[in-house]
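Shown next, in structure tokens, is the structure this report addresses.
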Amino acid sequence: MPAKDLETIVSLAKRRGFVFPAAELYGGFANTYDYGPLGVELKRNIREAWWRSMVRERDDVVGLDAALITHPRVWVASGHVATFHDPLADCKKCRMRWRVDHIAEGQYGEPKRNAAGELLCPNDGGELTEPRMFNLMFKTQVGTIADDENIAYLPPETAQGIFINFENVVASMRRKLPFGIAQSRVSFRNEITPGKFIFRTLEFEQMEMEYFCFPPADRANPEEYLALHREWIDYRLAWYRDTLGIDASRLRIRYHDKEELSHYSAGTADIEYDFPWGWGELEGIAARTDFDLTAHGNESGKPITYFDEDSKQHIVPWVIEPAAGLTRTLAVCMLEAYSEEPDEKGEDRVVLKFKPNIAPIKVAVLPLSKNEALRPAARRVYELIRPVYMTQYDETQSIGRRYRRQDEIGTPLCVTVDFQTVGENGVAGDDAVTVRDRDSQEQIRVPIANLLNVLRDRLPGC
Ligand code: ATP
């Protein structure tokens with residue numbers, strides 16, 4: 001069972017060092033979070049799993065890391081300067097600021113309206129100001145002179161760096177269509193919507209890929225292109241299910257209808273998760289046609305094309321874009337892994353049932369007690385495992401409490417060193433340890449000489 005509510009995860013995330021509200025020392029800062037020692041590991045592992053599935057295990061996708069702050073005309077060409085706006089309104093009574101589209105969608109419960117049918121403040125039913133369009137991009141300035149000439153933007157997505165490097169990648173990597181360019185890094189949006197933890201933040205990480213393919217023979221009827229779009233939807237859905245272990249019943253595909261589609265799009269589907277407050281987007285998979293390459297060609301005055309050896313023609317490739325949120329996915333992995341169930345003694349325990357590949361700590365080495373006689377062997381086991389797997393050593397508190405702690409942070413395996421390992425009262429030790437499985441709580445005895453083999457079997461994909 002996943003967590004029933006978000007508060008459970010928010011509190012566990014802070015207590016156990018996954019995610020902290022940012023700048024609490026100064027009273028907090030809306031919609032920003034810091035990632036603690038375990039959050040940072042979890043985030044790296046999810047990104048690594050994505051990179052493996054999108055780049056390393058495929059021979060048709062390469063990686064990129066483009067500059068965050070780039071030429072401002074990039075954002076003119078992409079349409080972000082002109083159209084990346086949300087409608088905002090303030091409550092005249094409580095002064096809270098809202099996204100009008102979110103109120104209308106029912107994101108704050110059934111929308112309240114006055115007699116004339118106008119939306120009212122979800123907080124206190126107050127009258128709202130006329131909506132104003134508000135650009136979500138953060139502006140900054142490059143150099144020392146603060147004028148319009150020196151304006152730059154923090155990137156609200158990662159994709160544009162890929163489009164403007166298309167020809168560099170083709171030329172330097174001798175790539176033939178179809179192929180993709182993948183990139184994962186931070187993006188910024190001036191989001192005013194409060195709450196929902198790391199679901200919607202000012203600064204968040206994305207995992208995006210642009211897959212370039214041949215344009216269709218018939219623009220109005222791009223059957224093969226749409227089939228490729230469906231293939232990517234299936235591929236990405238399978239990743240959430242099989243690689244991250246998200247239950248299929250809490251994932252769905254939602255196709256955008258005509259009104260929701262951008263004018264250039266041949267189709268967009270979102271992969272959504274059933275959050276405690278309802279369905280929400282995890283990833284958008286957009287069939288963006290040749291819109292972006294053409295737009296950058298027009299804005300720069302230098303057409304971006306691909307030379308097709310067979311037809312001996314310059315063409316503008318079409319694109320499929322799977323764009324995922326890394327930090328939003330991290331929240332889903334925590335919600336999904338959360339479980340409350342009885343421990344060995346029938347007492348309640350909290351377990352994060354992460355798949356081993358994403359668990360922040362893979363193995364905990366726990367001497368049975370703080371007894372000096374156990375420490376050398378326990379340290380030896382720790383030093384054996386540490387170079388291979390992210391490992392924690394813990395000798396404080398009772399062994400039962402340490403198992404509970406490791407369960408709560410989702411460590412798949414605990415290795416216990418006891419007196420049988422080192423020997424006592426003149427009886428020689430067996431140089432073996434106990435390996436305890438987080439989910440089944442089963443314990444097996446393993447010779448230290450064979451320990452790494454056993455761990456390897458039980459930690460697939462790590
Ligand atoms: P939403 O409708 O939720 O605002 P979007 O459609 O604007 O999302 P995209 O531009 O398609 O989002 O970005 C791709 C992914 O990036 C989203 O599916 C989401 O996982 C993530 N994402 C977008 N905005 C944010 C944000 N402010 N905070 C965290 N993740 C985000």
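This chain uses plain numbering: 1 for the first residue, then up along the sequence. Ligands are counted one by one from 1 in listed order, and the atoms in each one are counted from 1 as well.
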*Looking at atom 21 (C) of ligand 1, what's its closest protein heavy atom, distance included?*
Gly325 CA, 3.6 Å

*Given the rule in the side chain to side chain donor-acceptor pair (under 3.5 Å) test, do Thr396 and Asp394 qualify, once you have shown the distances and angles that lead to the verdict?*
CA-CA 6 Å; Thr396 57; Asp394 186 6; 2.8 Å; yes

*Run the numbers on Phe212 and Phe166 for ring pair (Phe, Tyr, Trp, His ring centres under 6.0 Å), then give the verdict.*
CA-CA 9 Å; Phe212 301 94; Phe166 172 77; 4.6 Å; yes

*Looking only at N/O atoms, are Phe204 and ligand 1 under 3.5 Å apart anywhere?*
no

*Could you tell me whether Glu208 approaches ligand 1 through its side chain, its backbone, both or neither, with non-hydrogen atoms closer than 4.0 Å?*
neither

*Partners of Glu260 by side chain to side chain donor-acceptor pair (under 3.5 Å), sequence neighbours excluded?*
Arg254

*asked:* Tell me the protein heavy atom at minimum distance from atom 13 (O) of ligand 1, and give that distance in Å.
replied: Gln206 NE2, 3.2 Å

*Can you find a side-chain donor-acceptor pair between Tyr211 and Asp60 that sits under 3.5 Å?*
yes

*asked:* So, taking the atom named NZ in Lys176 and the one named CZ in Phe179, what distance separates them when rounded to the nearest 0.5 Å?
replied: 10.0 Å

*Which of the listed options, Thr201, Leu330, Thr327, holds the heavy atom that is closest to atom 28 (N) of ligand 1?*
Thr201

*So which protein heavy atom does atom 8 (O) of ligand 1 come closest to, and at what separation?*
Glu281 OE1, 3.8 Å

*Would a line drawn from the ring center of Phe199 to the ring center of Phe275 be shorter than 6.0 Å?*
yes

_Cation-pi, Trp239 ring and Arg236 (6.0 angstrom, 45 degrees)_ = yes

*Please identify each residue that fulfils side chain to side chain donor-acceptor pair (under 3.5 Å) with Arg386, with sequence neighbours left out.*
Glu383

*Could you see which bit of Leu282 sits under 4.0 Å from ligand 1, with heavy atoms only: side chain, backbone, both or neither?*
backbone

*asked:* Out of all atoms in ligand 1, which are within 4.0 Å of some heavy atom of Arg200? Include the element for each.
replied: 1 (P), 3 (O), 4 (O), 26 (C), 27 (N), 28 (N)

*To which of His256, Glu191, Glu283, Arg328 does the heavy atom nearest atom 19 (C) of ligand 1 belong?*
Arg328

*Please report which non-hydrogen protein atom sits nearest to atom 29 (C) of ligand 1, along with the residue it belongs to and the distance in Å to one decimal place.*
Phe199 O, 3.2 Å

*Please verify whether a non-hydrogen atom of Glu157 lies at under 4.0 Å from ligand 1.*
no

_Heteroatom distance test (Arg189, ligand 1): nitrogen or oxygen, under 3.5 angstrom_ = yes

